Amino acid sequence: VFLLNLLVEMYGKCGSIDDARQVFDSIRHPNAYSWNIMLTACGRSGDLPAAKRVFDANPECGIITWTTMVAMYAKEGYLEESRGFFERMPSWSVKSLNAIAQAYLQESDHEHAIALLERMPEKDQISWNVLVQANAQLGHMDRSQWLFDRMPFWDLASWTSMITAYCTAGDYHTARLFFDKMPVKDVVSLTTMVAAYAHNGHMFLARRLFDGISHKDAVAWTTMLVAYGENGDVGKALSLFQAMPRRDITSWNAISAAYAQAGHREDSIRVFETMPCRDLVSWNTAILACVECHSAEEAKRCFDQMPRKN
RNA sequence: CCAUUGGGUC
């Protein structure tokens, strides 16, 4: 069973929900893990009705099942439903309370999130990270910093979220200090700093840091690509797009958007038509490309053709 | 073997 569970999980993470479903259905006696994994797969695909059906059919809903429901509905923006599951949860744990705090943050209710996290008798690493981050998002950098200084351990996420927080606050100097103080840097923190340099117009520093990243993932590549686009160098953006070893949908959307913002509607639309698959952002970008070039008619046609609208 | 935190696109 657990080998099949792994297979369902893998398909779910790749976005192949149909394959996940098929494998799940082939399991003779699904265990609690199987149900939860299938539930998560539905949530990841954005199909909440399917998730609800899995939930209703699950004979052994446990705390992880409930936590998944709360987190999933909150992420998709269905806050009422999320709250409904929260209120019906039979029990709580540190991790489920973390998820609930995160759900509060998704409805921009930082006060409740912080109150909950502060009241938690036990906090794990994630509780601390979320607490520090929640204060930063409220603009309470002094409080955030104070908590950061007092939390028991710092992991990569703690450091990186401080860098991001200070960048958001416009304090790039302090962001840089945090970056320098990190004992270990990974691709995420390096990419964060690449973006920070780029936003300050320090393209040379951004590129040098990017070149030094040993295991560049799609996010790192796309960050650098977008940096060039934002600095008006669509040519360099394109060469990065062509040079990257693996492109995901966000990379495609990014190059399409870079063209659109540069006023190259034809190129933007050509990318749009060439993409292996399209999501909501792809369509929005196509509409933007038309709008930027004052083609109201074309924009309207894209809008009408969108399979899904937000 | 499953849920909750940090970086990229509209």
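So you know, we letter chains A, B, ... as the sequences are listed, proteins then strands, and number each from 1. Remember, it's a predicted structure, so these values are computed and weren't measured experimentally.
- If you check every strand for non-hydrogen atoms under 4.0 Å, Thr223(A) touches sugar and phosphate atoms only.
- Looking only at atom types and distance, the side chain of Gln145(A) has a donor-acceptor partner in the side chain of Asp149(A) under 3.5 Å away.
- Nearest nucleotide to the Tyr33(A) side chain, out of rU4(B), rC2(B), rG7(B): rC2(B).
- When distances run from any side-chain atom of Glu9(A) to the nucleotides rU5(B), rC1(B), rG7(B), the shortest one goes to rC1(B).
- Counting distance only, with no hydrogens placed and no angle test, the side-chain atoms of Asp186(A) and the base atoms of rG7(B) include no donor-acceptor pair under 3.5 Å.
- Figure legend: Arg265(A) and Tyr259(A) shown without cation-pi pairing, the cationic atom not lying both under 6.0 angstrom from the six-membered ring centre and within 45 degrees of its axis.
- Counting any heavy atom pair closer than 4.0 Å across all strands shown, Ala101(A) reaches no nucleic acid atom.
- Annotation for Lys185(A): atom NZ counts as buried by contact number, over 12 foreign heavy atoms lying within 6.0 Å.
- Residue-level contact check: Thr160(A) touches the bases, meaning some heavy atom is under 4.0 Å from a base atom.
- Distances were taken from every side-chain heavy atom of Ile37(A) (C-beta onward) to each of rC2(B), rG7(B), rU4(B); the shortest belongs to rC2(B).
- Rounded to a whole Å, the CG atom of Asn36(A) is 5 Å from the C1' atom of rC2(B).
- No hydrogens or angles were tested; on distance alone, nothing pairs the side chain of Ser161(A) with the base of rG6(B) as donor and acceptor under 3.5 Å.
- Remark: Gln261(A) is in phosphate contact with rC10(B), judged by side-chain N or O atoms under 4.0 Å from OP1 or OP2.
- Distance from the side chain of Val219(A) is smallest for rG8(B) among the nucleotides rG8(B), rC1(B), rG6(B).
- Residue-to-nucleotide contacts include no donor-acceptor pair under 3.5 Å from the side chain of Thr192(A) to the base of rG7(B).
- Side-chain proximity of Leu288(A) to rC10(B), rU9(B), rA3(B): nearest is rC10(B).
- Taking every side-chain heavy atom of Ala257(A) into account, rU9(B) is the closest of rU9(B), rG6(B), rC1(B).
- A donor-acceptor pair under 3.5 Å is absent between the side-chain atoms of Ser268(A) and the main chain of His264(A), judged by distance alone.
- Out of rC2(B), rU9(B), rG6(B), the shortest distance to the side chain of Asn253(A) is found at rU9(B).
- Side-chain contact, Arg176(A) with Tyr197(A): a donor N or O sits under 3.5 Å from an acceptor N or O.
- The NZ atom of Lys123(A) sits 21 Å away from the P atom of rU4(B) (whole-angstrom rounding).
- Distances shown here put a side-chain N or O of Lys75(A) below 4.0 Å from the OP1 or OP2 atom of rU4(B).
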